[in-house]
> 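Got a structure here, written out as structure tokens. Questions coming.
Excluded from the calculations below are hydrogen atoms, water molecules and symmetry mates; all remaining heavy atoms, backbone and side chain alike, are included. The structure presented is a predicted model; accordingly, all values stated were derived computationally and were not measured.
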Number of protein chains: 2
Amino acid sequence: MIRVLLADDEHLIRGALAQMLELEDDLTVVAQAATGDEALAACRREAPDVAVLDLQMPGLDGLEVAERIHREQPGVACMIVTSHGRPGHLKRALAVGVRGFLPKTTSAVTLAEVVRTVHTGGRHVDPELAAEAIAAGDTPLTPREADVLEAAADGAPVDRVAGRVHLSPGTVRNYLSTAAAKLGAANRHEAVATARRMGWIS
Amino acid sequence: MIRVLLADDEHLIRGALAQMLELEDDLTVVAQAATGDEALAACRREAPDVAVLDLQMPGLDGLEVAERIHREQPGVACMIVTSHGRPGHLKRALAVGVRGFLPKTTSAVTLAEVVRTVHTGGRHVDPELAAEAIAAGDTPLTPREADVLEAAADGAPVDRVAGRVHLSPGTVRNYLSTAAAKLGAANRHEAVATARRMGWIS
DNA sequence: ACTCCGACATGACAGATGTCATCGCGGGTC
DNA sequence: GACCCGCGATGACATCTGTCATGTCGGAGT
């Protein structure tokens, strides 16, 4: 019997998913969590075989949870389920030791199968997402550029961004300028949009 | 037996939800749809008692589908289920004749109950969302301001926005300026962010 | 008829932003 | 040691934006 931890902030979805997994003879949901922190706590307590994590959750997101679980309990196989599958997320997930990555558009049978796959040590990523990730390539941004772009993501004026990242306004402008150029955007706001779409910034 | 139409682009969720609703003795899912257009077609074909619509779907979104269903088949009770419950969406939904509005964070039993409620002619909106909607109030933007702001939502420079809405660049700047002022934003990009948060633009 | 308001436009000006050249510092690499 | 590259900074310049004053036009109310 494969013991599954289920984390998703949407109660309705989580409940429905749990019911569905319980329907499988060889699966049992031993814990549910609505936030990243809950998921982590539940994982320590129950030591499940597989952790099914939603990407976007309040508090720690699925990727951060997966990272910590992977460090603390390497025996627990993590997999990510998400509505918005950005290429960058997949890369980060794999880097962090995630063994399964599925969009919520996949069918129920696939989910159960993937749970079994990762439990036996295998990996599975959605083919379409994988293709996108390959097509998108790696981020062209330096770490600092990504930081600054993210700090500018809410549309705040340069000065405020500069305060957030503790840089001079001029430096911020330079970073944003090069970032926008690398992303082929006309200004930083477009740059933010494309970087978001690619999953290069949160 | 209450006949339910279920529309959600996330296959996993839709399937799980369907199973869950089928578990109720007095409910049966007669059709499922992954897009707005499919939902509309299925609704015409099956004439269900209740249509459960996700807000964000490819093609027509839940609100547009609800509007058309309400016009074409007033006998079909529409309800919206969504992950991101913005205050503005709720207002628009009620204006369009939607009878139930729930975030996906609600529990499964609530969903079933609300399906029954709207079927008997009642209404149900999530109390928390209702409170937010009241607190948020109506959009301060004129229709045209909202249009222009939405056209500027992806961060495009003024000229491009002007092209999209067939206006002179100067006029666009004026609209964006007044919109930003009304929303208390430092620039149009912040204005876009707050308008999005409130559900005043898609 | 008169008034108000929203849609649309123009012109002008200040301040914010994008761009570029240039600099120093430190960590790798050949 | 020489070199490249990323990080951080400055200054100058051109352009883009935000703001305001001002005007026209048509529809809705009174």
> Find out whether B/R44 and B/Q73 are in side-chain contact, i.e. whether some heavy atom of one side chain is under 4.5 Å from a heavy atom of the other.
yes
> What is the distance from CZ of A/R160 to C1' of C/dA16, rounded to the nearest Å?
13 Å
> Atom CZ of A/R144 to atom P of C/dG27: distance rounded to whole Å?
17 Å
> Nearest to the B/R173 side chain among C/dC8, D/dT17, C/dG18, which nucleotide is it?
D/dT17
> Just verifying a value: how many Å separate A/L12 CG and B/S83 OG, rounded to the nearest 0.5 Å?
10.0 Å
> Hey, which of B/R164, B/R196, B/R160 is the one that makes salt bridge (charged side-chain N to carboxylate O under 4.0 Å, His left out) with B/D154?
B/R164
> Please state how far atom NZ in A/K182 lies from atom C1' in D/dC5, giving the value in whole angstrom units.
11 Å
> At less than 4.0 Å, is any side-chain N or O atom of B/T142 found next to OP1 or OP2 of C/dC5? Yes or no.
no
> State whether A/E24 and A/R116 are salt-bridged, where the test is any N-O pair (Lys NZ or Arg NE/NH1/NH2 against Asp/Glu carboxylate O) under 4.0 Å.
yes
> Strictly below 4.0 Å: does B/S177 bring a side-chain N or O up to OP1 or OP2 of D/dT19?
yes
> Could you check which residues of residues 185-202 of chain A get a heavy atom under 4.0 Å from DNA chain D? Sort them by number, please.
none
> If we ignore hydrogens and angles and just use 3.5 Å, is the side chain of A/E22 paired with the main-chain N or O of A/V29 as donor and acceptor?
yes
> Would you indicate whether the side-chain heavy atoms of B/L176 and B/R173 approach each other to under 4.5 Å?
no
> Rounded to whole angstroms, how far apart are OH on A/Y175 and P on D/dT10?
13 Å
> Write down the distance between CG (B/L149) and P (C/dG6), rounded to a whole number of angstrom.
17 Å
> Please report, rounded to the nearest Å, how far the C1' atom of D/dG8 is from the CG atom of A/D147.
14 Å
> Between C/dA9 and B/T171, is there an OP1 or OP2 to side-chain N/O distance shorter than 4.0 Å?
yes
> How long is the line joining CG of A/L141 and C1' of D/dC7, in whole Å?
15 Å
> Indicate, yes or no, whether a donor-acceptor pair under 3.5 Å links the base of D/dT17 to the side chain of B/D159.
no
> Please confirm whether the backbone N or O of A/M57 pairs with a side-chain atom of A/D54, one donor and one acceptor, at under 3.5 Å?
no
> Report the nucleotide, chosen from D/dT17, D/dG8, C/dA7, that has the shortest atom-to-atom distance to any side-chain atom of B/P157.
D/dT17
> Could a donor-acceptor pair under 3.5 angstrom be found where the side chain of B/N174 meets the base of D/dC20?
yes
> What is the distance, to the nearest angstrom, from the CG atom on B/L176 to the P atom on D/dC16?
16 Å
